[in-house]
Amino acid sequence: MGKIKSIEFTAFEKRVLKEVLKIPLGKVRTYKWIAKRIGKPKAVRAVANVLRKNPYTLFIPCHRVIRSDGKIGGYSLGKGVKVKLIELEKKIKELIK
DNA sequence: ATCATGACTAATG
DNA sequence: CCATTAGCCATGA
């Protein structure tokens with residue numbers, strides 16, 4: 001039967017992931033921004049931890065979340081990939097403009 | 001209940 | 001620019 005492992009999400013995780021899902025193509029937000037949006041402005045590290053475990057990198061664009069100091073921040077698939085994705089998205093957005 | 005962890009942040013040197 | 005530090009908080013052991 002089903003071999004798909006069901007994943008549990010806490011209320012906090014859902015709020016974070018939903019917010020990340022709202023970030024439009026070619027745009028980036030900061031961990032701080034996300035934290036503030038979900039009403040937990042101080043839970044920045046907790047937000048990062050949610051993205052760190054994000055099992056759906058293809059569908060939940062955590063690569064669009066960077067640090068508030070301008071640095072790239074982490075990414076489960078590698079920072080290099082993250083940078084490329086952000087650059088590529090900007091180009092795509094330009095192409096369909 | 002306590003404790004360590006970490007894809008962070010702001011301030012400081 | 002880089003390194004350090006204190007503050008921060010959800011989560012899992």
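We name chains A, B, ... by the order of the sequence lines, and we start the count at 1 in each one.
- The separation between A:Asn49 atom CG and B:dC8 atom P is 9 Å, rounded to whole Å.
- Taking atom NZ on A:Lys42 and atom P on C:dA10, their separation rounds to 11 Å, with Å as the unit.
- At a threshold of 4.0 angstrom between heavy atoms, the contacts of A:Lys79 with the nucleic acid are absent.
- Between A:Ile7 and A:Tyr56 the shortest side-chain heavy-atom distance falls below 4.5 Å.
- Look at CZ on A:Arg67: it is 12 Å from C1' on B:dG6, rounded to the nearest Å.
- Residue A:Ser68 places at least one side-chain N or O under 4.0 Å from the OP1 or OP2 atom of B:dA10.
- Panel note: side chain A:Arg64, backbone A:Ile23; a donor-acceptor pair is recorded below 3.5 Å.
- For B:dA10, one of the phosphate oxygens OP1 or OP2 lies less than 4.0 angstrom from a side-chain nitrogen or oxygen of A:Lys32.
- In this entry the distance linking CD1 of A:Ile34 with P of B:dG6 reads 22 Å, nearest Å.
- Put simply, NZ on A:Lys40 is 9 Å from C1' on C:dA10, counting in whole angstrom units.
- Annotation: of the two residues near DNA chain B, A:Ala46 and A:Trp33, the 5′-most nearest-nucleotide partner is A:Ala46.
- Atoms NZ (A:Lys71) and P (B:dA10) sit 12 Å apart, rounded to a whole Å.
- One interatomic measurement links the two molecules: NZ of A:Lys53 to C1' of C:dG12, which rounds to 8 Å at whole-angstrom precision.
- Note: CD (A:Glu19) to P (C:dA10) measures 17 Å, nearest angstrom.
- A 4.5 Å side-chain heavy-atom check between A:Glu87 and A:Glu89 finds every atom pair outside the cut-off.
- Classification of A:Glu94 and A:Lys91 as a salt-bridged pair fails, no side-chain N sitting under 4.0 Å from a carboxylate O.
- In this structure, A:Arg52 does not reach the B:dG6 phosphate: none of its side-chain N or O atoms is under 4.0 Å from OP1 or OP2.
- Among C:dA10, B:dA7, B:dT9, the nucleotide with an atom closest to any side-chain atom of A:Phe12 is C:dA10.
- Counting heavy atoms from C-beta on, the side chains of A:Val65 and A:Val47 never come closer than 4.5 Å.
- Of the candidate nucleotides C:dA10, C:dT11, C:dG7, C:dG7 has the atom nearest to the side chain of A:Arg45.
- Using a 4.0 Å heavy-atom cutoff across all strands shown, A:Tyr31 reaches at least one base atom of the nucleic acid.
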